[in-house]
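The structure is given below, and queries will be raised subsequently.
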Amino acid sequence: MIRMTGWTLTEIYRLLYDAFGPQHWWPGQTQFEIIVGAVLTQNTNWTNVEKAIGNLKSAGCLTPAKIHSLDHARLAELIRPAGYFNIKAKRLKNLVDWFFEKYHAELCNLENVPTDTLRAALLAINGIGPETADSILLYALNRPIFVVDAYTARMAVRHGLIGEDADYEQLQQLFQSQLPSDVQLFNEYHALLVRLGKDYCRPRPRCNGCPLENLPHNVAEGPAV
DNA sequence: GACCAGGCACATC
DNA sequence: GATGTGCATGGT
């Protein structure tokens, strides 16, 4: 087991959970809403995503069939508050088109598909990268996949858990190899890391009051990963 | 007014 | 294979 900081990922999880409590992720009332949110939140503040999802709901368009049938301009208009609305409209369409053509837009048809197969299929869709695919797998489809994001990378690098040149797959492997394969744990851990990141782990870090401030770290010199 | 946010694809070298 | 750039809104 790697203990470069003297702390295991399980112990770090406990520090975060004790400090912040349960985060109740993913915010979203249905599986499909979570899937849409995963695309809309790309490089965007969640409050902007909420507005876009609100627009889709108000227009009665938060269903696979509606998004499938909407023209690009109308979809882009509805999701405008989430930013990058033209590119995200295409990405949502690509995802929903795949869901229709391959699985007839029925989530139950995904249940028996192995996680690896599903992940590869999602990654093959233009506009769905590793973080978006993994967010869908974990939060919408309840698969035990750890979601890595910029905050995860910053925390792991700054506390010496991994080298700063680590890529997405290496970071994911770090967490998945050291933690039990547990959907609820992966759900809460990622959400807690986002909470940590928002409060303390920005590109210009704040340390005072950080639940991890007593861990050996190099925050002052740490790269803005 | 600058910085940042729960990325990704594509062009260029 | 690594690096740079476009995509865009809204909060701090």
Side-chain angles (χ1 to χ4, degrees), chain A residues 13 16 20 22-28 31-56 72-98 119-141 143 145-158 163-172 175 183 185-206 219 222-225:
Chain A
Y13 174 79
L16 295 176
F20 297 132
Q23 300 298 297
H24 306 293
W25 269 36
W26 181 293
Q31 284 176 291
F32 188 66
E33 184 175 335
I34 292 168
I35 290 169
V36 170
V39 173
L40 293 182
T41 197
Q42 291 172 355
N43 206 37
T44 301
N45 192 299
W46 182 256
T47 57
N48 295 355
V49 177
E50 287 182 318
K51 290 173 186 158
I53 287 178
N55 287 348
L56 288 169
H72 171 88
R74 176 64 176 147
L75 180 56
E77 179 189 339
L78 289 169
I79 65 172
R80 171 180 282 270
Y84 302 112
F85 48 85
N86 279 314
I87 194 91
K88 287 178 182 175
K90 286 182 194 166
R91 290 173 180 181
L92 267 182
K93 280 276 196 182
N94 291 343
L95 179 57
V96 170
D97 288 350
W98 165 81
R119 186 172 195 267
L122 287 167
L123 290 175
I125 299 167
N126 191 295
I128 307 301
E131 184 179 341
T132 307
D134 290 341
S135 294
I136 291 170
L137 289 169
L138 177 65
Y139 289 104
L141 305 178
R143 306 297 179 109
I145 289 286
F146 200 91
V147 180
V148 171
D149 62 6
Y151 295 133
T152 313
R154 282 182 204 141
M155 187 284 287
V157 169
R158 287 176 179 170
E164 61 182 298
D165 56 345
D167 62 19
Y168 187 98
E169 308 295 334
Q170 290 170 317
L171 278 154
Q172 184 175 57
F175 284 82
V183 170
L185 172 65
F186 288 178
N187 175 323
E188 197 65 66
Y189 210 143
H190 173 63
L192 286 165
L193 285 171
V194 172
R195 173 67 187 277
L196 174 80
K198 284 180 173 173
D199 289 358
Y200 301 102
C201 215
R202 302 297 181 111
R204 296 181 184 190
R206 279 174 45 207
V219 170
V225 185

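Note on naming: letters A, B, ... go to the chains in the order of the sequence lines (proteins, then strands), and numbering restarts at 1 for each one. Reckoned from all heavy atoms, side chains included, excluding hydrogens, waters and symmetry mates.
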(message) Once you apply a heavy-atom cut-off of 4.0 Å, does A:K88 come out as touching a base, just sugar-phosphate, or nothing?
(response) nothing
(request) Describe the nucleic acid contact of A:N48 in one word from base, sugar-phosphate, nothing, applying a heavy-atom distance below 4.0 Å. (result) base
(message) Applying a 4.0 Å non-hydrogen cut-off, can you work out what A:L193 is touching in the nucleic acid: base, sugar-phosphate, or nothing?
(response) nothing
(message) Applying a 4.0 Å non-hydrogen cut-off, can you work out what A:R80 is touching in the nucleic acid: base, sugar-phosphate, or nothing?
(response) sugar-phosphate
(message) Using the ring pair (Phe, Tyr, Trp, His ring centres under 6.0 Å) criterion, which residues pair with A:F186? Sequence neighbours excluded.
(response) A:F146
(message) Is A:Y151 close enough to B:dA5 that one of its side-chain N or O atoms is under 4.0 Å from OP1 or OP2 there?
(response) yes
(message) Suppose you measure atom P in B:dC3 against the same atom in C:dT5; what distance do you get, rounded to whole Å?
(response) 16 Å
(message) Reading DNA chain C in the 5' to 3' direction, which nucleotide is the first one with an atom under 4.0 Å from a heavy atom of chain A, and which is the last?
(response) C:dC7 to C:dG11
(request) Would you check if the side chain of A:E188 reaches a backbone N or O of A:Q23 as a donor-acceptor pair within less than 3.5 Å? (result) yes
(request) Map A:N126 and A:Q42 onto DNA chain B by nearest heavy atom, then report which one ends up closer to the 5' terminus. (result) A:Q42
(message) If I pick the P atom on B:dC10 and the same atom on C:dA8, what distance separates them, to the nearest angstrom?
(response) 15 Å
(message) Once you apply a heavy-atom cut-off of 4.0 Å, does A:I79 come out as touching a base, just sugar-phosphate, or nothing?
(response) nothing
(message) Both A:I128 and A:K198 contact DNA chain B. Which one's nearest nucleotide lies toward the 5' end?
(response) A:K198
Collect all protein-nucleotide pairs involving nucleotides 11-13 of chain B in which both atoms are nitrogen or oxygen and the distance is under 3.5 Å.
none

